[in-house]
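Each ligand, and each atom within it, is numbered from 1 in the order the structure gives. All heavy atoms count here, side chains included; hydrogens, waters and symmetry mates do not.
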Amino acid sequence: MVVPVPARPYDFPFDPANAAFVIIDMQRDFMEPGGFGAALGNDVSLLASAIAPISAVLDSCRAAGMLVIHTREGHRPDLSDLPGAKHRRGRGDTRIGDDGPMGRILVRGEAGHDIIPELAPVAGEPVIDKPGKGAFYATDLETILRQRGITQLILAGVTTEVCVHTTMREANDRGFECLLLSDGTASYFPEFHRMALEMACAQDGIFGWVAPSRDVVTAISTYRGINS
Ligand code: TIU
């Protein structure tokens, strides 16, 4: 059943039964001081605005029984999945694999790699560990989505123009219809955030749709009302 969501560039034909909410990299390493984001020289406080909108959509999706998927960017402790080209970039004092206040930077199993407590996964929600920026590269995300008959993705997380955009582009090429939450994403560069939203839905929705969290929450409420 389609519940239209007011969106740019036009209404999103939201089909909650076949949609998944994909929350990208809401990890302490990006959100808190002392992690990877800070090591790259960024002001991590700029990302906090995404938490409450994601939380609202997450509550709605869980109540509606929708598939929720979390992703985490990070590497094996031996860094065998870390290309030298990625390791060498970010030329500050602390790099991927180095010790920091939340453990080794961007390494699986360390405290900084965890999803922030406000958005912690619950039992049954797949967590995709990815070595790259896109959530489809070198992961089983596509297999999980196809197994569940998912055709649409609601995308949120950080950062808008890096991991969220890369994942949206990958999903677009795989035939998924994507809606990007305008307030459920954030960037260390507010101008990049704004432009990434524009880029996603320009040219009649070249990568998909953009809408605020409240309109997605409203649509899910309508869907639940019709199906109760
Ligand atoms: N640096 C930056 O903006 N982002 C990343 O490195 N990873 C994600 O976006 N998750």
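For the side chain to side chain contact (heavy atoms under 4.5 Å, CB included) test, residues two or more places apart in sequence or in another chain that qualify with Val44 are Pro33, Ala38, Tyr188.
At distances below 3.5 Å, not a single donor-acceptor pair connects side-chain atoms of Arg72 with backbone N or O atoms of Gln27.
Between the side chains of His193 and Thr160, at least one donor N or O sits under 3.5 Å from an acceptor N or O.
Side chains of Val216 and Ser60 form no contact here, defined as non-hydrogen atoms less than 4.5 Å apart.
Taking a heavy-atom cut-off of under 4.0 Å, ligand 1 is surrounded by Asp25, Phe30, Phe36, Leu40, Glu73, Lys133, Val158, Thr159, Val162, Cys163, Tyr188.
Between Glu142 and Arg146 there is a salt bridge, since at least one side-chain N of the basic residue sits less than 4.0 Å from a carboxylate O of the acidic one. Arg214 has no carboxylate O lying under 4.0 Å from a charged side-chain N of Asp183, or vice versa, which leaves the two without a salt bridge.
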